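Note that the coordinates shown come from a computational prediction; the quantities given were computed from them, not determined experimentally. Lettering of chains follows the sequences in order, A, B, ..., and the numbering in each one begins at 1.
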Amino acid sequence: MERIRKHHLFWPVLVLVALLVFNLLYDPDFFRIQVRDGKLYGNLIDILFFGSPLALVAIGMTLVIATRGIDLSVGSVVAISAAIACFTISKGADQNDPGLVATAILLALAASALLGLWNGFLVTRVGIQPIVATLILMVTGRGIAQLITSGQIITVISPNYKVIGAGTLLWLPVSVYIAALVFALAALLTRKTALGLFIESVGCNPTASRLAGIRSVTVRLFAYLFCGFCAGLAGIILSSNVSSADGNNAGLWYELDAILAVVIGGTSLNGGRFFLTGTLLGVLIIQTLTTTIYSTGVPPEVNLVVKALVVLAVCLIQSEGFRRTLARSLVSVRPSHQRVEGKVTTRG
Amino acid sequence: MARFAIKKQHVPIIASTALLILIFAAGSLRYTGFFSLQVLLNLLIDNAFLLIVAVGMTFVILSGGIDLSVGSVIALTTMLSAALIEQAGWPPAVVIPLVLALGTSMGAGMGAIIHYYRIQPFIVTLAGMFLARGLCFVISINAITIKDPFYVTMAQTRVPIPGGNFISISVIIALAVLAAAIWLAHFTRFGRCVYAIGGNEYSALLMGLPVGRTKVLIYAFSGFCSALAGVVFTFYMLSGYGLHALGLELDTIAAVVIGGTLLTGGVGYVFGTFLGVMLQGIIQTIISFEGTLSSWWTKIVIGVLLLLFILLQRLLSSRGEVREA
Amino acid sequence: MQEREPLLVMSDIHKAFPGVQALSGVHFRLFPGEIHALMGENGAGKSTLIKVLTGVYPADRGEIRLEGRVIQPHSPLEAQMLGISTVYQEVNLCPNLSVAENILIGREPRRFGRIRWKAMNEEARRLLEERLHLRIDVTRPLGSYSVAIQQLVAIARALNISAKVLILDEPTSSLDRGEVEQLFSVMRKLREDGLAILFVTHFLDQVYEVSDRITVLRNGRLIGEHLTENLPRLELVSQMIGKELKELEELPKEESRVADWAEKTLEAVGVGRKGSVEPFDLGIGKGEIVGMAGLLGSGRTEAARLLFGADRADQGRFVMSGEDTVIHSPRQAIDKGIAFCSENRKTEGIIDELSVRENIIAALQASQGWFRALSRKRQEELADEYIRALNIYPPNPEIPVKNLSGGNQQKVLLARWLLTHPKLLILDEPTRGIDVGAKAEIQKLILSLAREGMSVLFISSELEEVLRISHRIAVMRDRRKVSEIAGEDISRERVMKAIAGG
Amino acid sequence: GSSGGSQQQASGGGGAPAPSQSAAPSSSTPSESTGEKKIVLGFSQVGAESGWRTANTKSIQEAAAAAGIDLRFSDAQQKQENQIKAIRSFIQQKVDVIAFSPVVESGWDTVLKEAKDAGIPVILTDRAIDSPDTSLYVSFLGSDFVEEGRRAGRWVVEQFKDHDGDVNIVELQGTVGSAPAIDRKAGFEEIISADPKFKIIASQSGDFTRAKGLEVMQAILKAHKDIDVLYAHNDDMALGAIQAIEAAGLKPGQDILIVSVDGIRDAFVAASEGKINFIVECNPLLGPQLMDLVKKVVAGEPVPKRIVTEERTFTIEEAIAELPNRQY
Ligand SMILES: Nc1ncnc2c1ncn2[C@@H]1O[C@H](COP(=O)(O)OP(=O)(O)OP(=O)(O)O)[C@@H](O)[C@H]1O
Ligand SMILES: Nc1ncnc2c1ncn2[C@@H]1O[C@H](COP(=O)(O)OP(=O)(O)OP(=O)(O)O)[C@@H](O)[C@H]1O
Ligand SMILES: [Mg+2]
Ligand SMILES: [Mg+2]
C-alpha cells in the first residue's frame, strides 16, 4: 500500500478516478458503452476519442519540457498541418484518391516536423529562449495557416481522409490507435534507447551534460522536431475529424492544455525527469473534465470557474505539503507550522 | 576602467535601445506622419497598461516564476469596477482601492500556494487565470459601459506636452510605476532578494534570506500591478468586459523576455521590460501604418519583425561581449 | 575550560531520509571560545547535523538548546537571527549576483531603505581584503569566479554576521595552503573573541592545527567527543572508519620509469586562450601522472578545460599519438579518449535529479550514442561495481545523486569517468571533500591505473597530494605555465619556490 | 462592375497633407473633392476569426478597389486595444474617413472623441457601439444580431405551433461574452419564452467552431435522449453538431430540427441535403454599401444614422435555390 501511495502516478490516477466516479453518480449511464454500426459508442470512448489529438501534442510537449524547453507553437503547427493537408486534398481532381490523401498527409507531417526543427534551431543554434523562439512561430504560424486557407474554412469531401480522424478500426476510433502508437513509439525511443537518459540529463543540468559528452544540441533539436511532428499529426486528426481546416481556430489554446497535461502528469517545467504515462493521465483528466462540464450542463459562463477549481484541486492534492495541512486540520491535533525543507522531495 | 566602459550586463539593454531607435528611424522614412513625437507618445498611451503588468511580471520572472493570470486579473478588474460603479453605484474612491486590494490579495494567495505547497507557478497561475476570467462572466456576460464622470475624466484628460503633443493620465501612472519598480528592483532589499531567489532559490534560503515572504510578495506585487493595469485599462476602455485583455499574458511575458530578462530567473532589468513593451508597441504601429496587410499577413509580419529584432539584438549583444572581453 | 557551560547543546538528535537513517541519537556540545572539529567519513551525517541545527531540515526527534534555552529554528534565517552563522558545504550563493551582494545581501548598508551600492562594494572589498587577503573586483558576478574564490566569498559572508556560533562545513576543500592559513588566523581571532566555531574538514593536519575539541560521527551515530590533545591521529582515524588502520601516509612512492613516457598520449603545443591562459606546452606520457600546482586562480582549471575542449583554445595545436588533432568540444575530446572531472561538482558535475546509476553511466552511454543503449542489467552491474570499488554510501544505485553526501557525489563523478577507460584522465580537485580513508583509496587507484597505461593530469590545491603521486609537476603562475619539475627533482621546496616565483 | 484591383500600392505617401508636428484639431476637414485626390479610408477589422469575417474583409477590399478608394486596412486580431491603436494611427495618418467593426460595443468614447476633434468622420460597420453620444459616428451599417435570434425563434415557434407537449431545444452558443452570442441568445429567448412548452434543455458554448460544436454536441447527446431542435449560433457549430448527431445514429434535420445563423456556403450544402432546416442569414458583403456611404460622407451629403443590411432567411427549398449563387 505504501509503495502504491508513493508511486508518482498515484495522485493523478486518484483524481481521474474521482472525476469518473462523480460522473457515475451524476449519471448512472455515464459508463454505458454500446456497439453501434460496428463501433463502440459511449462517453468513455468519447473521452479517448477527443483526448487523442491533445495526447499527441502533450507527448511531444513532454519531451520538449523535459529538456528544459517549452513549445508554445503547437497550436499553430496544428493549424498549419491541417491547412496543408486540406488544401492539398481540395486541389485534387478526385479528393478521395488514396494517393492524394497520402501525399497530403506526408506533406503536412513533413512541414510540421520542419517547423519543429526550426524551433529547435532557434533555441539551440541561435540561443533564443524557448518561450520566445516558439512564440514567434505561434504568432506567425496562425498567419501562415490562414494564408494557406485564404482565411476561409477549407472543406474537403474525402472519405479516405476522414478515416483518420473519424474512422473506426476494431470498434475503436482510428485516432485512438494513432495516439497509442505514437505513445508507444515515444516510450520505446526514450526508454529502450539512451535518448530518455540524455533528455533528462540535458534538462537537469545542461552544463554537466555537455561536459559528460552528451550532444545536447542534437537531443534538443530532436525533442522540438518530435514535438512538431506530433502537433502535425494532431492537426491531421482534428481536420480529418471535421473534414475541414480552420486556420484561425484549429488547435487554439492547445499549448496551454498540453502544458497543463504535462504538469499534472508530474513533469516539472524546470526540465529533468519526465513521465509519459503521467502526461497521458493528465490528458485524460483534462478531457474527462471537459466532457463532464458538457454533459452535466454547467452553464458556459461558469465553465472556467469550474475548470479553475478542478485544476487547483488537482495540483493541491498532488502537493505533499497540502495533504499534510489537510490531514492536520482534519485531525486537528495541534496546529504547527510549515517547515522549510530544501529540495528534498523525492519522486520515486 | 574608463568611466564610459560598458558593462557586459548592460549590453542587451543598449542593443535594444539602439534597435528601437533604428526601427523608429526606418518607420519615419517609410511612412508619412510617422516621424512625430505624438507617435512616440501614442506608444505610451496605448501601452500604458501593458507596461504596468509587464513591470509586475518582470519581478515574477526574475524570481524564476511565471504569472499567467495577469490578463484575466485585468479583465476581472474592469468588470468589477464597472459593475460596482455602474450597477451598484459605488464611488470610484472606494472601488479603485478595493480592486487594487483584491488583485493584490489574489496574487498573494497564488504566491502562498506556490511557496508553501510547492506547486509549480505555471499551474497555479493558470488556475488563477481561469478563475479570474470565469468570475468575470459570473458577474456579467455582457460588457458594461462606464459613464462615471471620474472615469470619463481620467480617460479623456490630455496632459499637454510642449510642442502641442499630449499624453494621458495613464501614461503618468505607468511611468511612475516604472520608476518605482526600478527603484524597488535595484535599491531595496526586497528587489535584491528577488534576484537572489532567481539565481538559486535554495541558496537564497541557505543564505538566510526571507524566501517565503519574498515569493508571496512578488506575486502580490504582480497581482497589484495587474489590478492597477486593470484600472488603467478601465480608463482606456471605459468599460468592463470579460473578454478584455485576452491573451495578454503572452504579450506581457514576451515583452519582459524581449527586454532581456531570462526566463530562468535572476538576470534582467526592469528598464529592459520598458524597452520590450515599446518594441511590441512600435511593431503594432508599423503594422497599422502599413495599412495594406490582410489579417494573416499581419500576423506573419508581426512574427517576422519579432524574429528580426531578436536576431539583431543577439548579434549586437554578442559583438558587445566580444569587444568587452 | 571544562567547567564552562556549553553554549550550544544538541541532544538525542534523530533524522531519517527515505531509506537512510542519517542521524540517530546524536549528542553534540559546543563551548564558547573553542574551535570544535566535527569529523566522520563521507556520509557520516556531519552536514545533516549542521542542517538540522540551522533549521534547513526539521529533526525527527531531539532538542537543541542555545545558552540554555530551547530553540527551534525553522529556517536559516531564524538560525541567523538566533546568532548562528553558517557556511554550508557546497557553495550556496547566488552566481548571478555580484560578489559584494553575495557577501552582504540581507544586511546591505542602507539609507532611508535605499541600498547604498558604493558603500556596499567598499565594505565587501574591505572585508575580503582585510580578513582573507583577497583582492578581486567585487562588482563582477560571483559565477565568473572559480570555486575557490566562491568558497572564500561564502566564508566572508559568514564572518560578517555578528554571531555567537560560526559553522564552517568543509570551507577549505578547495583552498590552498596560504588561504587556509589566512582562514585559520581569522578563526583563532574569533575564538579569542569568545565565538564558538564548528568546523568540518577531512584534512587531519588542519584539525590538529586549529581545533580544541573533536566530535566523531560514524553512520549517523555519535562515536565520541574528545579534547584534541587527548586524541592521537591514528585513534581518530580508527574511530572514524571503525577499524584499525595503518598510517595512511605510507603510500608506495612509485619508482620512476621515466623511459616509458616518451610515448605521449596528448601533447599541447602553444595552446592558449585570450583572456584566460597564456599559450603553454604540455605533453603527457602514456602511464604518466602529471601534477599541476599553483596558487588560487593561477589558471590550472582553465588550462585543463582547454585540453578537454570545455573552452575552445584559440591558439596552438594538439598532437595525439603523433598526429595533429582538433579538440573543439568535450564531445570530441571524449571520442579521443580524454576524460575531465570538473572541480565544480555542483554545477558542472552531477546531474542532480538523476540516480546514482544514471550519473555513473552518463559519459559511457554518451560516447556510445543513442542507439547502443546499455541494457538495464549492464548498467546495474557497472554501477554496483563502482559503488563497491569506490565505497559509495549509501550503496543504492537508484537514489537521486543529489541526496548523497558531498564526498560521495565526488566519488560518483570519479566513477563516471573511470568507467569510460580514458587514455587521458584529467582530474581537477578529485579528492575535494573526500574522507581520509577514501582519499588514500583513490590515490592508490590512480597510481594503479597509471601503471596500466592511463595518463593522468592531476590538479589539487593540496600540494602534499600532488607531490605524493605525480611523476612530473607543471607549475602555473598568473595564468602562465612557469616551470616543469620531474622525477628526482620533485620536492616540496622546489615546487613552492616555483609557485611563489623566484 | 468589376475593375482592376491593382490600385493598392504598398505604402502611403500620396494622399496625406504635409506632415505637421501637431495632432491638435486641425481645420482641414475633408474638403477635397472626390475628383482627383483619392479618398483615404481607414478600416479597422476585428480579425479573421471566421470564414464569415474573411468574406466581410474581402468584400470591403474589393469594393474599395472598385470604387477607387485608397483603403488603409488594419487587423485587430480580435483585440479592442488593437482597434483603438489602429484608430489612433488613422488619425495620425489623417485619413478622410474611419470605418470599423467594433470588437465590443462599449469603450469607444475616448478615441472617437479624438477622431471627432481631428475632424474625421467615423462609420460603424457590422456592430453598433453603445455610446450615448451619437455624434461620435455618422452612421452605422450592419446587421442586427438580436433580430437574427428572433428570426430563428419565430421559425421554431412556427414549426411547433401544432405540437403539444414539450419542445426540447439544445442551444450551441458562440464564444462566451461575444456580442453575437449574447444577442442571438437574447433574441431567440425573447421569442420562445412566450410559450412555456419550449424548453432549452442544454445550452453550451461551442466557441463558434466546428470541432467544438462536434465535441459539445456529442456530450449533450449522451446526456439528453429526446432533443427536438438544435439552435446553433453559427453555421460552423451546426455543421460539427450534425456530425455528432449522425454518429449517434440519428438523422439531422429529421430526428432533430436544426436552425443556424450566418449562411455560409457549407451550410447551404448541408441544407440542400436536408440536414439543416433553417438558415438565418447574416450578410458579410457590406463592401459596396460601405463605399457608397463613404463617398456620400466625404461629399458632405446627409446619410442615415442606421442602415440595416439586407438579410434573408432560408428554408430548405430556398436554400437549394440559393446554393449556386453563394460565393462564400
Ligand atoms: N536530502 C537528502 N535526502 C536523502 N538522503 C540524504 C539527504 N541529505 C543527506 N542524505 C543522506 O544522509 C547521510 C548523511 O549525509 P551528510 O551529507 O550529512 O554526510 P556528511 O557527513 O556531510 O558527508 P561528506 O563528508 O561527504 O560531506 C548520507 O547517507 C546521505 O546520503
Ligand atoms: N585575483 C584573483 N585571484 C584568484 N582568482 C581570480 C582572481 N581574479 C580573477 N579570478 C578568477 O579565478 C579564475 C581562475 O582561474 P582557474 O579557475 O583556472 O584557477 P585555478 O588555478 O584552477 O585556481 P582555483 O584553485 O581557484 O580553482 C578565473 O575564472 C578568474 O576569473
Ligand atoms: Mg557534508
Ligand atoms: Mg581550479
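Between A:W118 and A:F121, the ring-plane angle classifies as parallel under the 30° and 60° cut-offs.
Remark: A:N205 pairs with no residue by the side-chain hydrogen bond (donor to acceptor under 3.5 Å, both in side chains) rule, at least two apart or across chains. Every residue meeting the side chain to side chain contact (heavy atoms under 4.5 Å, CB included) condition with A:V298, not counting sequence neighbours, appears here in chain and number order: A:I293, A:T296, A:V302, A:N303, A:V306.
Looking only at distances, no side-chain donor or acceptor of A:R220 sits under 3.5 Å from a matching main-chain atom of A:T67. Remark: side-chain polar atoms of B:S239 are not paired, donor with acceptor, to backbone N or O of B:A143 under 3.5 angstrom. In terms of modelled atom types and a separation under 3.5 Å, the side chain of A:S76 and the main chain of A:M138 share a donor-acceptor contact. Side chain of A:T267 to main chain of A:F275: a donor-acceptor pair is present (N/O by atom type, distance under 3.5 Å, no hydrogens or angles). With hydrogens and angles disregarded, no donor-acceptor distance shorter than 3.5 Å links the side chain of A:S150 to the backbone of A:Q146.
Proximity to chain A among residues 132-140 of chain B is limited to B:R133, B:G134, B:L135, B:F137, B:V138, judged by heavy-atom separations below 4.5 angstrom. For residues 248-264 of chain A, a heavy-atom distance under 4.5 Å to chain B picks out A:N248, A:W253, A:L256, A:I259, A:L260, A:V263, A:I264, given by residue number.
With a 6.0 Å radius and a threshold of 12 heavy atoms from other residues, nucleotides or ligands, A:R323 has its CZ atom above the threshold.
Using modelled atom types and a 3.5 Å distance limit, the side chains of A:N119 and A:T134 yield no donor-acceptor pair.
With a 4.5 angstrom heavy-atom cutoff, B:I123 touches chain A via backbone and side-chain atoms both. The part of B:I310 that comes within reach of chain A is its side chain, from C-beta onward, which places non-hydrogen atoms under 4.5 angstrom from that chain. Contact annotation for B:T261: only backbone heavy atoms (N, CA, C, O) come within less than 4.5 Å of a heavy atom of chain A. If you measure heavy-atom distances from B:I141 to chain A, the contacts under 4.5 Å come from the side chain alone. B:I300 touches chain A through backbone and side chain together, each having a heavy atom under 4.5 Å away. Contact annotation for B:I253: only side-chain heavy atoms (C-beta onward) come within less than 4.5 Å of a heavy atom of chain A. For A:L135, the part lying under 4.5 angstrom from a heavy atom of chain B is the side chain only.
Within the model, atoms CD1 of A:I70 and CG of A:L72 stand 5.5 Å from one another, a figure rounded to the nearest 0.5 Å.
Ion pair B:E201/B:K215 flagged as a salt bridge, since at least one NZ, NE, NH1 or NH2 atom sits closer than 4.0 Å to an Asp/Glu carboxylate oxygen.
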